[in-house]
There are 2 protein chains.
Amino acid sequence: MLDPASIDALKKSHLFSGYAARDMAEISRFAKLVYLESHAVLFRESEPCSAIYCLVEGLVKLCLYGPKRQEKIVEIIGPDQTFGEAAMFSGQGYPVSAVAIEDSRLIAVDAFSFMRYLRQRPELNWTMMAMLSRRMHQLVGQVKSMSLHNAEQKVAKYLMDYYDDDFPTRPVSNLPPRRADLAAVLGITAETLCRVIANFRQRGWITTLDNAIVVSSPVDMRGLIMDVRQPGESSNRRKDVAVPSVDHLPAAG
Amino acid sequence: MLDPASIDALKKSHLFSGYAARDMAEISRFAKLVYLESHAVLFRESEPCSAIYCLVEGLVKLCLYGPKRQEKIVEIIGPDQTFGEAAMFSGQGYPVSAVAIEDSRLIAVDAFSFMRYLRQRPELNWTMMAMLSRRMHQLVGQVKSMSLHNAEQKVAKYLMDYYDDDFPTRPVSNLPPRRADLAAVLGITAETLCRVIANFRQRGWITTLDNAIVVSSPVDMRGLIMDVRQPGESSNRRKDVAVPSVDHLPAAG
DNA sequence: GAAATACGTTGATCTAGATCAAGGGCCATT
DNA sequence: AATGGCCCTTGATCTAGATCAACGTATTTC
């Protein structure tokens, strides 16, 4: 059972924002508050999904661990974001681990009860679908970044994803609190990240102050991502890479 | 408008298998057949989603291209599989490109009409949700494999994912038709893949015949993925274990 | 205030895997 | 039978980024 303030907090999330008051009242009956200290583990990869979560306050990372304990952060969850929905539907357990990186307060919505409720009200699934689709896109973006970009491009891509063209002098928002976290998000080491940032600073493309980073040459950054090179410079031409041909385009309408 | 045989083909897919006859009749009204020659492009990354597809016959790759045209295959679609659903809901366009790697026959279901129909029948969304969730899991698995495994582990993981414990002597199923495709799936070069396979063969962990691969030591393969090492042994030094050579190989060709 | 701890930074190596290059088997076409 | 195209395979290098190591600067602990 949830207090009114927490119900309001839930409603601030994208997933629940469209829900009617009576839906929220019902859902609050099988939701509860959870407190996590920094570094505390909320759930681990492959654990069965007992609840989906909405972060109210603090910061949580969703991550994967390799055989040698290397960490890959799949996503950093901030306040008003929900997570765990996909696991609820797939019935395959959580695909990632969730670990607090700041002291956090969360709302846990019991998965079984929530599923039962959704079965009664299938219209509510529209926001859920949108949620899952958006997350899939983001995940595909990660796959792309991991497999097709080098370290500089990864950093540039990340910074430009959070860069706001309307406020060029504003520091990039939502940066992870520690450099090591950003490195784990990008799938590179902290040392490499540090060197890349130093390079960008030397070239005058960014300026830094503590954790904050201000992009001062978005054009160059974007150029780097798209791998534009000076004319005349021979780009590594490989003939054997597959390039989809332009013809044969089907009339898919 | 679809002929009865094609409607049957649609129903063989996981997405439509639970649909009632009258739903299928309705859907067939805004579905049509599409034929692709090998190498033909069905759609490209970021193109708006006009339809979702069900492959009836042939083989299609979903892939991403880097700034230098490097290819990363996100998934290889076989008969009776559907794709494009996520793009339909996200409203962000297709996250990947789709290219035929064999002459293919597909059914295209118009996205707009299908969405409209789903709005009338929200219960139908349950299979859709399951679909999306499963695909998300798979994608997270890819992220993990890309960021936390080395080349040998990637290959081993792939082979064991398609290995059937009940039929140990059966070749790994669903292997891509060409080695280069498998390499693009794993995010390594064809040369590296070739060397890894040669190593596995020398160690007696697999046997090969043409494209087919039979895993003969699943225990070792699984051990490699989990990075088990002999106690007391330093991780870096390459150990030159005398592997008893398995000489009953059918000369591969 | 000294010591310990945690991070960020920089430099020096090392290495897994990419890249480059050269055959070789197989099939289709002539 | 010869030719050419397409892959697969193997060998020889090259290199981006990991790893190892040392140091600086805060911040916390006693």
Side-chain angles (χ1 to χ4, degrees), chain A residues 38-39 66-72 101-102 145-156 175-184 186-202 206 208-213 224 227 234-243, chain B residues 38-39 66-72 101-102 145-156 175-202 206 208-213 224 227 234-239 249-253:
Chain A
S38 187
H39 299 110
K68 297 176 192 136
R69 304 253 127 215
Q70 322 99 292
E71 178 186 83
K72 167 70 173 80
I101 50 182
E102 286 181 5
S145 176
M146 303 288 314
S147 35
L148 303 171
H149 289 333
N150 63 25
E152 288 203 344
Q153 289 171 323
K154 286 180 190 178
V155 177
L175 275 191
R178 295 171 303 120
R179 284 284 126 95
D181 291 324
L182 179 53
L186 299 176
I188 59 181
T189 60
E191 292 96 323
T192 297
L193 173 62
C194 182
R195 281 179 248 267
V196 169
I197 288 178
N199 282 347
F200 284 169
R201 198 187 310 114
Q202 273 175 22
I206 63 172
T208 58
L209 177 60
D210 279 329
N211 312 305
I213 298 178
L224 181 66
D227 196 42
S234 89
S235 106
N236 253 348
R237 58 188 158 81
R238 293 199 50 179
K239 258 185 77 90
D240 54 300
V241 288
V243 178
Chain B
S38 189
H39 299 111
K68 296 174 195 141
R69 310 259 77 195
Q70 322 99 293
E71 177 186 84
K72 166 73 174 84
I101 50 183
E102 288 180 4
S145 177
M146 305 288 313
S147 37
L148 303 172
H149 289 332
N150 61 27
E152 290 204 341
Q153 290 171 325
K154 286 180 191 178
V155 178
L175 276 190
R178 295 171 305 118
R179 283 286 126 93
D181 292 323
L182 178 52
V185 169
L186 299 176
I188 59 181
T189 60
E191 294 95 324
T192 297
L193 172 62
C194 181
R195 282 179 247 269
V196 169
I197 288 178
N199 282 347
F200 284 170
R201 203 189 3 244
Q202 273 172 22
I206 63 171
T208 58
L209 177 61
D210 280 328
N211 311 306
I213 298 178
L224 181 67
D227 198 41
S234 112
S235 59
N236 256 349
R237 284 298 151 237
R238 166 166 293 280
K239 52 169 182 179
L249 307 179

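The sequence lines fix the lettering, A, B, ..., with proteins before strands; numbering per chain opens at 1. For the numbers below, each heavy atom of this structure counts, side chains included, while hydrogens, waters and symmetry mates do not.
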Between CG of A/Leu175 and C1' of C/dG8 the distance, given in whole Å, is 15 Å
When rounded to whole Å, the CG to P distance for the pair A/Asp181 and C/dC7 reads 9 Å
Spacing of B/Arg178 atom CZ relative to C/dC27 atom P, expressed in whole Å = 17 Å
Taking only the side-chain nitrogens and oxygens of B/Thr189, find out if one of them lies under 4.0 Å from OP1 or OP2 of C/dA18.
-> yes
A/Met146 CE to D/dA16 P, straight-line distance once rounded to whole Å | 18 Å
Taking N and O atoms by type only, does the side chain of B/Arg195 place a donor or acceptor under 3.5 Å from a partner on the base of C/dT19?
-> yes
Test item: B/Val196 and B/Lys154 side chains (from C-beta on) under 4.5 Å apart, heavy atoms = no
Provide, to the nearest angstrom, the distance between the CG atom belonging to B/Asn150 and the P atom belonging to C/dC14.
-> 21 Å
Check every atom of C/dT9, D/dG17, D/dT9 against the side chain of B/Arg179 and return the nucleotide holding the closest atom.
-> D/dT9
Which one, C/dT9, D/dC8, C/dC7, comes nearest to the side chain of B/Ala180?
-> D/dC8
Would you call B/Asn211 and B/Arg179 a side-chain contact if the rule is heavy atoms closer than 4.5 Å?
-> yes
Can you name the closest pair of heavy atoms from A/Val155 and A/Ile188 and give their distance?
-> CG2-CD1, 4.2 Å
Rounded to the nearest angstrom, tell me the gap between atom CG in B/Asn199 and atom P in C/dG17.
-> 11 Å
Straight-line distance of B/Leu148 CG to A/Gln70 CD, nearest 0.5 Å = 5.5 Å
Touch check for B/Ala198, heavy atoms < 4.0 angstrom, all strands: base, sugar-phosphate only, or nothing?
-> sugar-phosphate
Tabulate atom names and distances for all N/O pairs under 3.5 angstrom spanning the protein and nucleotides 21-27 of chain D.
none

Distance, rounded to the nearest Å, where A/Leu193 contributes CG and C/dC7 contributes C1' | 13 Å
How long is the span from the CG atom in B/Asn199 to the CD1 atom in B/Ile206, to the nearest 0.5 Å?
-> 9.5 Å
Could you give the CG-to-C1' distance, from B/Leu186 to C/dA16, as a whole number of Å?
-> 16 Å
Taking B/Glu191 for the side chain and B/Thr189 for the main chain, is one N or O donor matched with an acceptor at less than 3.5 Å?
-> no
Shortest non-hydrogen pair, B/Pro67 vs A/Gln153, comes out as CG-NE2, 3.9 Å
